[in-house]
Q: 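Sharing a structure, written as structure tokens. Questions coming.
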Amino acid sequence: MNGDIASVIVNISVDALDRSFDYLIPESLKERVHPGTPVLIPFGRSDRKVTGYVVDIKSESKWDNLKEIISIQEGEVPVEGQLLSLAGWIKEHYGSTMNEAIRTVLPIRERVKSVEKHWLNFVISPEEAEKIAEAEESKHHVAKARLIRGLLQDKTLTTTVAHERYKATKAVVDSLVKVGVIAVSDELIERRPDELVSLETDTYKKIDLTDEQKKCVDTVLSDYDKGEKHTYLLYGVTGSGKTEVYMSVLKRIVDDGFQAVVLIPEIALTHQTVERFSRVFRDRVTVLHSRMSAGERYDQFVRAKNHEVDIVVGPRSALFVPFDRLGLIVIDEEHDGSYQSDKTPTYHAREVAIERAKRCGASVILGSATPSVQTYLAAKEGRYKLLRMTHRAKGALLPTVHVVDLREELKAKNRSIFSRLLKEKINERLTAGEQTMLFINRRGYAGFVSCRSCGYVLKCTHCDVSMTEHGRNKNPHLVCHYCGHTEPMPEKCPSCGSPYIASFGLGTEQVCEIIAKEFPGARVLRMDADTTKQKGGHERVLAPFRKEQADILVGTQMIVKGHDIPKVTLVGALAADMSMNLSDFRSHEQTFDLLMQAGGRAGRDELAGEFVIQTYQPDNYCIKAIESGESEYFYEQELSFRRISGYPPYKSMLKILISSENKDHVNELSKKLEAMIDEVGGDSLTRIGPAPDLLSFIRDRHRMSLFVKSDEPSDIDKVIMTIDERTDDDPLMRDCFISYHRSPR
């Protein structure tokens, strides 16, 4: 067969088309088509034009009469070969289509037209220009003469200023260019995200590392010098200076010509993180995240691809930046749930980072004060190298922890959301001019709205979940936090007509209102998904708090992650039990992480800190471990629970979610999958379900779930492969969607 052949994955996310198709490469395109190139191809019997990605180049095909590639898709960004290989691993490991996996590893989907500034300059001497201006005036060519005289005065002009100041139209400019009076030069303008535009970097003052920090840095660099690549757990208490360790290692990596990715859990942390890194690496640092405009993301993507930057900071999608000399991946706050994707493929950034590092010969540093149970066990067993820091940098002490039993508060007839101790501590900070953070894991006004007469709970009409009240004083309305559906707050119960309908629970908005009554004069800021949803929203809240323009910051879990604000000396967890009672085997781990991180915001500098935990379960092992400061006690208890119950990290676990607008189809497909799993697994697998999902009706779709547990990850792979193969041609798949959620082990 003449000519090279390209194997192409079609840009259609349908399981039945999740294989490569062979196409001839035209002679005119042979030099430009490579693995990863986006192409336009004729597809199907009708030869409709669709896009796809080249995944392989070969000289033979088992198929005859191959069609030709039509063209290269110039408007799209090609997939890097290394990332294409990683996409294949993601597809197999997380049970997605290849096209979905490719889209995941492509943080930028298409090229965005560049922005240019056009400058006007003379190509003749000022004396000649003056003569031409006089000649144009004599001919009554006022517009031309005005532009020439304006350019004589300003020396150089942009076309925009020339139009605004001297009314110079494009026709006037073009006519003077044509006769050789002026020339137009173009300047490419880089679209810079807010984190880079508003950067206030001081001159870097080298910090002397503590003995613990130096030992960690020396361990990593010693392995690096020997050519050894490892995954490290940097397990350091809050405020121990993990960022300084990252930067010290990165300095050596970058100086040797390698590149690095630094993952952070929250977009809210990008400004603070980029500012700290820029003090050392200056303009060799950039950022990538979803709140940036398409143009900003594209320009920073191109800078990384062209080796104009060495370090990219961002949340999990930044992992897929097209670095070809990747030497280190840092995952800060590696325990955080945001590293788990909730969209297909449901990858975990930690697992994918380790896989990418293996493929390109890089190391990985996982940093946390509260490592995930999986990571902690891997370090304990020697699969990861453990780097330990037990003391805070700068000589600061860990905060004093106070646990308040809310049952006792009730007995003392204190019905306020603030315990007597917390109220006393807040007043002390207000008097001393220090700052307080109050953490509650719920935004808005309250948890749910119900009728006190009949008990009816107002639920979203598109989801089987209760709605939350917002804007009680100004514009009371109900919001579904899953699909965004909004309704006015009813005056009477829709079920029985009773006027006794009200909010129950506690939210950030309500806390702010209570603070205004309890602490008159206190300056309060609120930080949650509602106040930060606009571009730059995080920094609009955090900047004034850092500048001490507010006394109290009330927020959800986004305020407890990584912020370093010297004047914060008190942190209060208003409802510590809220996340502990979720129907998730990780609920205690999540609570431990949140509370430890929350307490870690207090007393990070010279001033001592205190942490008040309000709880109904003061004897729970999670609370006890935080109170005593003995993290190991928590991990021992949690690992015992996981081992006895057969949960990760002792078993691999897969959640299979079936969803459709047709409830009967969901039930029918669930039974089919149940039979398949039982047939495939035999005694090696444990199946739980099918049963209605915890969120059984979301965005007008019914949902059922099954769980599969096994000692061997390969068994989970086999289940995914079998289901995909056997449901390819199932008519139910036209209406149903199957997604896989693999718990990291």
Q: Between the side chains of Glu539 and Arg546, is the shortest nitrogen-to-carboxylate-oxygen separation below 4.0 Å, so that they form an ion pair?
A: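 Yes, charged N to carboxylate O under 4.0 Å.
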Q: List the steps, then state whether side-chain hydrogen bond (donor to acceptor under 3.5 Å, both in side chains) holds for Tyr650 with Arg642.
A: CA-CA 7 Å; Tyr650 293 103; Arg642 301 277 185 97; over 6 Å; no
Q: Quick one: do Glu632 and Arg388 make a salt bridge, cutoff under 4.0 Å?
A: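 Salt bridge between Glu632 and Arg388, a charged N being under 4.0 Å from a carboxylate O: yes.
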Q: Check the pair Tyr621, His588 against ring-ring contact (aromatic ring centres under 6.0 Å, His included), reporting the backbone distance first and the verdict last.
A: CA-CA 9 Å; Tyr621 67 86; His588 279 69; 5.3 Å; yes
Q: Does a donor on one side chain sit under 3.5 Å from an acceptor on the other, for Tyr94 and Glu351?
A: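 Yes, side-chain donor-acceptor contact under 3.5 Å.
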Q: Would one find more than 12 heavy atoms of other residues, nucleotides or ligands at under 6.0 Å from atom NZ of Lys385?
A: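 Atom NZ in Lys385 is packed in, count exceeds 12.
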Q: I want to check something: taking the side chain as every heavy atom from C-beta on, are Asp619 and Lys624 in contact at a cut-off of under 4.5 Å?
A: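 Yes, at least one pair of side-chain atoms sits under 4.5 Å.
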Q: If you count heavy atoms of other groups shown closer than 6.0 angstrom to CG of Asp225, is the number above 12?
A: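 Count over threshold, so yes.
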Q: Any donor-acceptor pair under 3.5 Å linking the side-chain atoms of Thr532 with those of Arg540?
A: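 No, Thr532 and Arg540 have no side-chain donor paired with an acceptor closer than 3.5 Å.
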Q: Kindly say whether Leu422 contributes a backbone atom to a donor-acceptor pair with the side chain of His402 at under 3.5 angstrom?
A: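 No; judged by distance alone, with no hydrogens or angles, the pair does not exist.
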Q: Closest approach of Ile565 and Phe545, non-hydrogen atoms and distance?
A: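 Distance-wise, the nearest heavy atoms are CD1-CD2, 3.6 Å.
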Q: Do Thr346 and Gln340 have side chains that get closer than 4.5 Å, going by heavy atoms?
A: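 Answer yes - side chains close enough.
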Q: If the condition is side chain to side chain contact (heavy atoms under 4.5 Å, CB included), which residues does Asp336 pass it with, not counting sequence neighbours?
A: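 Applying side chain to side chain contact (heavy atoms under 4.5 Å, CB included) to Asp336 gives Pro265, Ser338, Tyr339, Lys561.
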Q: Could you list all the side-chain hydrogen bond (donor to acceptor under 3.5 Å, both in side chains) pairs where at least one residue sits in residues 423-437, not counting sequence neighbours?
A: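 For residues 423-437, and leaving out neighbouring residues, the side-chain hydrogen bond (donor to acceptor under 3.5 Å, both in side chains) pairs sorted by first residue read Lys423-Glu518, Lys425-Glu610, Arg429-Thr569, Arg429-Glu610, Glu434-Thr569.
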Q: Answer yes or no: is there a donor N or O on one side and an acceptor on the other, between the side chain of Lys242 and the main chain of Gly236, under 3.5 Å?
A: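 Flag set: sc Lys242 to bb Gly236 pair under 3.5 Å.
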Q: Testing Asp551, Ile515, Leu553 one by one against Val524 for a side-chain contact (heavy atoms from CB on, under 4.5 Å), which residue passes?
A: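 That would be Ile515.
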Q: Return yes if some donor-acceptor pair links the side-chain N/O of Arg284 with the main-chain N/O of Glu308 below 3.5 Å, else return no.
A: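 Side chain of Arg284 to backbone of Glu308: a pair is present.
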Q: Counting distance only, does the side-chain N/O of Arg325 pair as donor-acceptor with the main-chain N or O of Gly257 below 3.5 Å?
A: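 Pair found, side chain donor or acceptor close to backbone of Gly257.
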Q: What I'd like to find out is whether the side chain of Asp256 reaches to under 4.5 Å of the side chain of Tyr224, using heavy atoms alone.
A: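 SC-SC contact between Asp256 and Tyr224 confirmed.
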Q: Check whether any side-chain N or O of Ser222 sits under 3.5 Å from a backbone N or O of Thr219 as a donor-acceptor pair, and report yes or no.
A: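 Checking the backbone N and O of Thr219 against the side chain of Ser222, no donor-acceptor pair under 3.5 Å is found.
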Q: Closer than 3.5 angstrom, by distance alone: can the side chain of Asp528 be matched with the main-chain N or O of Thr531 as a donor-acceptor pair?
A: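 Looks like yes, one N/O pair under 3.5 Å.
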Q: For Tyr347, does its backbone N or O pair with a side-chain atom of Arg742 as donor and acceptor, under 3.5 Å?
A: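 Checking the backbone N and O of Tyr347 against the side chain of Arg742, no donor-acceptor pair under 3.5 Å is found.
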Q: Can you tell if the side chain of Thr238 reaches within under 4.5 Å of the side chain of Met596, non-hydrogen atoms only?
A: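 The answer is no, as the side chains (C-beta and beyond) never meet within the 4.5 Å cut-off.
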Q: So with a 6.0 Å cut-off around NE2 of His391, is the heavy-atom count from everything else above 12?
A: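 Open: at most 12 neighbouring heavy atoms sit under 6.0 Å from NE2 of His391.
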Q: Quick check: does any side chain N or O of Gln614 sit under 3.5 Å from a backbone N or O of Ser419, one acting as donor and the other as acceptor?
A: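 Yes; at least one donor-acceptor contact below 3.5 Å.
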Q: Using a strict cut-off of less than 4.0 Å between a Lys/Arg side-chain nitrogen and an Asp/Glu carboxylate oxygen, indicate whether Lys251 and Asp255 qualify as a salt bridge.
A: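 A salt bridge links Lys251 with Asp255.
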Q: I'd like to know if the side chain of Arg252 reaches the main chain of Ser248, judged simply by a donor and an acceptor atom lying under 3.5 Å from each other, with no hydrogens or angles considered.
A: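 Checking the backbone N and O of Ser248 against the side chain of Arg252, no donor-acceptor pair under 3.5 Å is found.
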Q: Looking at side-chain heavy atoms only, is the closest gap between Arg586 and Tyr647 below 4.5 Å?
A: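 Not in contact.
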Q: Less than 4.5 Å apart, side chain to side chain, heavy atoms only: is that true for Tyr384 and His230?
A: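 Side chain of Tyr384 against side chain of His230, heavy atoms only: no contact under 4.5 Å found.
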Q: Could you check Val554, Leu542, Thr556 and say which one makes a side-chain contact (heavy atoms from CB on, under 4.5 Å) with Met527?
A: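 Going through the options one by one, the only one that passes is Leu542.
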Q: Got a donor-acceptor contact below 3.5 angstrom from the Glu212 side chain to the Thr390 backbone?
A: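 It does hold such a pair.
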Q: For a 4.5 angstrom cut-off between non-hydrogen side-chain atoms, does Val373 reach Pro649?
A: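 Yes, at least one pair of side-chain atoms sits under 4.5 Å.
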Q: Consider only side-chain N and O atoms of Gln82 and Arg356, and report whether a donor and an acceptor are under 3.5 Å apart.
A: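 Arg356 and Gln82 do have a side-chain donor-acceptor pair below 3.5 Å.
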Q: Checking Glu334 against Thr375 for the side-chain hydrogen bond (donor to acceptor under 3.5 Å, both in side chains) test, could you report, in this order, the C-alpha distance in whole Å, the side-chain angles of both residues, the deciding distance, and whether it holds?
A: CA-CA 9 Å; Glu334 69 82 28; Thr375 299; 3.0 Å; yes
Q: Test Gln300 against every option in Glu296, Arg303, Arg297 by the side-chain hydrogen bond (donor to acceptor under 3.5 Å, both in side chains) rule and name the one that passes.
A: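 Of the listed options, the one satisfying the test is Arg303.
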Q: Does any part of the side chain of Thr370, heavy atoms only, come nearer than 4.5 Å to the side chain of Tyr635, both counted from C-beta?
A: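 The answer is yes, as the side chains (C-beta and beyond) meet within the 4.5 Å cut-off.
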